[in-house]
Amino acid sequence: MARPRVAVLISGRGSNMAALLEAAADPAYPAEIALVLSNRAEAAGLARAAAAGVPTAVVESRAFRGDRPGFEAAVQAVLEERRIALVALAGFMRVLTEGFVRRWEGRMLNVHPSLLPAFPGLDTHERALAAGVRLHGCTVHLVSPGVDEGPILAQAAVPVLPGDDAAALAARVLAQEHRLYPAALAWLAEGRVAPDGRLEGVTAATGSLANPLPGRSRLHTPGSEA
């Protein structure tokens, strides 16, 4: 049986795109990355995709300034021409209209660098640090008309460490995005994802996460025994 054809939509370097390409290079992976499409011709991820032998396309959003439906119609035409079945957003910096989202409902994924519903939108790592959270992370979800909304498929958490800045925290989260996103796309390609985000035949993690770990503590005063 042919693997579902996937388009990865990017706007920049394509870090998560590269993780998907690496996973899909395995013949046992249940999806084929058939297209990498960008709304910016200068996106570095296009060269990475071409080097991997994956077809690329550009639909410049700047040419459709003020005309979101026109831009999306052009994107849709490319997706149809390439016989795309599933869409994976990977740093695609465009807010999609409800009409486009509804057309791909249940067949389009996004990865977001926070534990949604916390910190939707931009600057998630800076906002997490400012809020003083002890756990941060990433979310893979089905795309709905609301920005960074939609049924959640999977999340991965990382600790916020003393001395973290946004760059250090972002790197820790990104490593989890690269692990989680290929797995979630595989589940979608295998038909394991229900419309509400429930997963069928996927083992759920048990136990709990804590940061810092609870344990025995003892107050010391000068001169007390250690």
Side-chain angles (χ1 to χ4, degrees), residues 4-12 14-17 19-20 30-31 33-39 59 61 64 66-80 82 84-125 127-128 133 136-157 173-174 176-202 204:
R5 293 169 60 83
V6 178
V8 182
L9 274 54
I10 66 171
S11 294
S15 172
N16 275 298
M17 173 211 72
L20 294 176
I33 308 301
L35 175 68
V36 171
L37 183 148
S38 178
N39 66 306
V59 178
S61 54
F64 293 89
D67 182 13
R68 288 166 63 197
F71 166 73
E72 291 173 354
V75 171
Q76 180 65 28
V78 176
L79 298 180
E80 291 178 358
R82 305 297 177 93
I84 297 302
L86 305 173
V87 172
L89 306 181
F92 188 62
M93 304 304 290
R94 297 286 301 177
V95 176
L96 298 169
T97 66
E98 181 174 357
F100 186 86
V101 171
R102 294 297 184 199
R103 182 186 293 265
W104 288 95
E105 195 165 20
R107 298 186 294 144
M108 181 160 57
L109 293 180
N110 183 49
V111 60
H112 181 74
S114 81
L115 295 172
L116 292 173
F119 312 121
L122 302 176
D123 303 321
T124 60
H125 310 303
R127 290 157 61 199
V133 299
H136 189 42
C138 59
T139 302
V140 179
H141 63 96
L142 291 169
V143 178
S144 71
V147 176
D148 296 325
E149 296 179 359
I152 291 172
L153 273 62
Q155 294 180 306
V173 171
L174 189 62
Q176 295 305 311
E177 294 178 43
H178 292 170
R179 179 179 66 86
L180 203 62
Y181 207 9
L185 178 60
W187 299 330
L188 186 63
E190 291 170 339
R192 295 173 180 260
V193 178
D196 63 359
R198 287 180 297 108
L199 302 174
E200 300 175 0
V202 177

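Put simply, the side chain of Arg127 gets close to the backbone of Leu122: a donor and an acceptor are under 3.5 Å apart. No donor-acceptor pair under 3.5 Å is formed between the side chain of Ser114 and the backbone N or O of Pro120. Checked by atom type and distance alone, the side chain of Thr124 never pairs as donor or acceptor with a backbone atom of Phe119 at under 3.5 Å. Of the possible donor and acceptor atoms, none in the side chain of Arg82 sits under 3.5 Å from a partner among the backbone N and O of Ala34.
Residue Ala189 comes nearest to Pro4 through the heavy atom pair O-CG, 3.9 Å, listed as atom of the first residue, atom of the second, then distance. Annotation for Met17 and Ile10: closest pair CB-CG2, 4.0 Å, computed over non-hydrogen atoms. Ser15 and Leu174 get closest at one heavy-atom pair: OG-CD2, 3.6 Å. The nearest pair of heavy atoms linking Ala19 to Pro182 is O-CG, 3.8 Å. Closest non-hydrogen pair, Val173 versus Gly137, comes out as CG1-O, 3.4 Å. Considering all non-hydrogen atoms of both residues, Trp104 and Leu86 come closest at CZ3-N, 4.2 Å.
With sequence neighbours excluded, no residue forms a ring pair (Phe, Tyr, Trp, His ring centres under 6.0 Å) with His112.
Applying the side chain to side chain donor-acceptor pair (under 3.5 Å) rule to pairs touching residues 186-195 yields Glu190-Arg192, sequence neighbours excluded.
Residue His141 holds its NE2 atom at 5.0 Å from CG of Asp148, rounded to the nearest 0.5 Å. Considering CG of Leu116 and CD of Glu149, their distance stands at 9.0 Å, rounded to 0.5 Å. Considering CG of Leu188 and CG of Leu199, their distance stands at 10.0 Å, rounded to 0.5 Å. Separating the CD1 atom in Ile33 from the CD1 atom in Ile84 is a distance of 9.0 Å, to the nearest 0.5 Å. Taking CG from Leu153 and CG from Leu109, the interatomic distance works out to 6.0 Å, rounded to the nearest 0.5 Å.
Taking a 6.0 Å sphere around CZ of Arg107, one finds it holds more than 12 heavy atoms contributed by other residues, nucleotides or ligands.
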For residues 89-97, which side-chain donor-acceptor pairs fall under 3.5 Å, sequence neighbours excluded?
residue	atom	partner	partner atom	Å
Thr97	OG1	Glu72	OE1	2.4
Thr97	OG1	Phe100	N	3.4

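Contact of the Tyr181 side chain with the Leu20 side chain is registered, since non-hydrogen atoms from C-beta on lie closer than 4.5 Å. Between Leu185 and Val140 there is no side-chain heavy-atom pair separated by less than 4.5 Å. Between Leu115 and His136 there is no side-chain heavy-atom pair separated by less than 4.5 Å. For the pair Val87/Val6, no side-chain contact is recorded, criterion being any heavy-atom separation below 4.5 Å from C-beta on.
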